[in-house]
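Some notes on the structure that comes next.
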Amino acid sequence: HYMLKEIYEQPKAITNTLEGRLGTDHVVVESFGNGARAIFDQVEHVQIVACGTSYNSGMVARYWFEEIAGVSCDVEIASEFRYRKSVVRPNSLLVTLSQSGETADTLAALRLAKESGYMSSLAICNVPGSSLVRESDLAFMTRAGAEIGVASTKAFTTQLAGLLMLVASVGHCRGHLSAAAEAELVKALQALPLRIKESLALAKDIEALAEEFADKHHSLFLGRGSQYPIAMEGALKLKEISYIHAEGYPAGEMKHGPIALIDERMPVVAIAPHDHVFEKMQGNIQEAKARGGAVIAITTAGDDTLWRLP
Ligand code: F6R
């Protein structure tokens, strides 16, 4: 079916997103439009607005903006943003994220922002000529190709690639990102299609896990840091496609309520790569196991720490 086809198209889709937009050691700032450099030089705050999966990719970018580019960033669901009064900070850039470029709430948020004092607007979008692209000052096309499956898959990962390029460009223009750090990011971006191919090669193992999951009615997806929105996205996908109730949570919040729900009938999916909060995630996984929860952990290849947890 189309969704599976589109999942497997990700290496090619991301190759297309990167095409012509990376130098040997830097991101080409003009990939975001001719006027992008002048705007990125001055930007002091980024406001991201989107819906659904696109919102989740924006949430990942928030961690990146503040850590990598040193620029403050807020992310809001478009249907909330458009119906409330918000204060616009000086030199704020509005970034809208959308696969289709026609989502009514995101479009309304852009139109509102244009009258509210934002210095500029940038759309990261998959459909050239869409309303969002036409009405924004700057645009970055994700080039994922047509997404026909109802669930956003390659649109999400190409958005993330585009957002990391945006963060690198803003960090560069603001003088916050060192040349060496930018070169590392470029290398990481170039490695993405291969990394995704490696993940897709795990399909048989993942299918086996899915068999165990299929008869459950509830599940919890946990992550910390930039993996927290990835957990939310996992939960959204499961709800939408499997009709299994799923919650995405920051793992540190587990003890403030949802832990009460964990037992052998409730699978817990922990996104736990070997990063700066890995030890904290290990603690959360142990808590879930102590409650009898069946934990499915997604971790860094070659790291067997989680297997050895009591
Ligand atoms: C989830 C999904 C939706 C969309 C949302 C926004 O798989 O597809 O949550 O992400 O409707 O759509 P776009 O990105 O077109 O604005």
Side-chain angles (χ1 to χ4, degrees), residues 1-10 13-14 16-17 46-62 74-83 94-114 121-136 138-166 196 206 210 213 219 221 223 226-249 269 271:
H1 45 75
Y2 274 111
M3 191 174 98
L4 202 55
K5 173 178 174 282
E6 287 162 5
I7 286 172
Y8 278 92
E9 281 171 0
Q10 287 176 102
I14 294 213
N16 291 341
T17 310
V46 174
Q47 173 69 59
I48 297 177
V49 179
C51 302
T53 289
S54 297
Y55 169 80
N56 288 340
S57 69
M59 282 287 288
V60 175
R62 183 165 79 111
D74 287 321
V75 190
E76 190 157 0
I77 298 272
S79 56
E80 286 300 312
F81 182 87
R82 67 177 287 199
Y83 293 117
L94 182 91
V95 177
T96 54
L97 306 173
S98 176
Q99 190 286 126
S100 60
E102 301 294 347
T103 301
D105 286 321
T106 309
L107 202 52
L110 169 66
R111 289 173 181 160
L112 175 76
K114 286 174 82 168
S121 58
L122 163 68
I124 295 187
C125 186
N126 193 36
V127 181
S130 58
S131 306
L132 206 65
V133 169
R134 280 188 279 110
E135 295 185 29
S136 298
L138 301 171
F140 177 96
M141 304 316 306
T142 49
R143 304 179 185 152
E147 198 175 54
I148 291 161
V150 73
S152 181
T153 55
K154 59 178 181 169
F156 176 65
T157 43
T158 52
Q159 271 174 0
L160 287 176
L163 282 163
L164 188 54
M165 291 164 75
L166 173 65
I196 293 177
I206 293 168
F213 215 119
S219 60
F221 283 65
S226 59
Q227 303 300 326
Y228 153 49
I230 298 295
M232 295 206 304
E233 175 60 9
L236 177 60
K237 286 285 109 86
L238 195 75
K239 284 186 259 217
E240 197 178 15
I241 299 304
S242 316
Y243 310 121
I244 296 175
H245 170 226
E247 296 284 342
Y249 249 90
V269 181
I271 323 290

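Each ligand, and each atom within it, is numbered from 1 in the order the structure gives.
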Distance alone, cut at 3.5 Å: any donor-acceptor contact between the side chains of Glu233 and Thr53?
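Yes - a donor-acceptor pair under 3.5 Å links their side chains.
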
Polar contact flag, side-chain donor to acceptor under 3.5 angstrom, Ser130-Glu102:
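No.
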
Is there a heavy atom in Lys237 that sits closer than 4.0 Å to ligand 1?
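Within the 4.0 Å threshold, so yes.
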
Identify, for [atom], the protein heavy atom at the shortest distance, and state residue, atom and that distance.
| atom | result |
| --- | --- |
| atom 10 (O) of ligand 1 | Thr53 N, 3.1 Å |
| atom 15 (O) of ligand 1 | Ser100 OG, 2.7 Å |
| atom 5 (C) of ligand 1 | Cys51 O, 3.8 Å |

Is there side-chain contact between Leu110 and Leu94, with at least one heavy-atom pair below 4.5 Å?
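Of all side-chain heavy-atom pairs linking Leu94 with Leu110, at least one is under 4.5 Å.
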
Taking only heavy atoms of Val150, which atoms of ligand 1 are found under 4.0 Å from at least one of them?
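Matching atoms, with element in brackets: 8 (O).
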
Using a 4.0 Å cutoff against the non-hydrogen atoms of Ala151, which atoms of ligand 1 qualify?
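So the answer, numbered in order with elements, is 7 (O).
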
With Lys154 as reference, evaluate Glu9, Gln10, Gln159, Glu6 under the side chain to side chain donor-acceptor pair (under 3.5 Å) test and give the passing residue.
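The side chain to side chain donor-acceptor pair (under 3.5 Å) with Lys154 is passed solely by Glu9 among Glu9, Gln10, Gln159, Glu6.
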
Which atom of [X] lies closest to which atom of [Y], heavy atoms considered:
| X | Y | result |
| --- | --- | --- |
| Ala109 | Val49 | CB-CG1, 3.6 Å |
| Ser152 | Phe156 | OG-N, 3.7 Å |
| Leu97 | Ala50 | O-CB, 3.4 Å |

So which bit of Glu240 gets within less than 4.0 Å of ligand 1, heavy atoms only: side chain, backbone, both or neither?
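The part of Glu240 near ligand 1 is the side chain, not the backbone.
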
Side chain, backbone, both or neither: which part of Thr103 has a heavy atom under 4.0 Å from ligand 1?
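Within the 4.0 Å criterion, Thr103 contacts ligand 1 through side-chain atoms alone.
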
CG/Leu122 to CZ/Phe140 distance, rounded to the nearest 0.5 angstrom?
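Atom-to-atom, Leu122:CG and Phe140:CZ are 9.0 Å apart.
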
For Thr106 and ligand 1, does the shortest N/O to N/O distance drop below 3.5 Å?
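Looking only at distances, the answer is no, because the N/O contact criterion of under 3.5 Å is not met.
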
Check whether any N or O atom of Ser98, backbone or side chain, sits under 3.5 Å from an N or O atom of ligand 1, and answer yes or no.
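The answer is yes, given that Ser98 and ligand 1 share an N or O pair closer than 3.5 Å.
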
Heavy-atom protein contact below 4.0 Å for atom 12 (O) of ligand 1:
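Answer yes: something from the protein, a heavy atom, is under 4.0 Å.
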
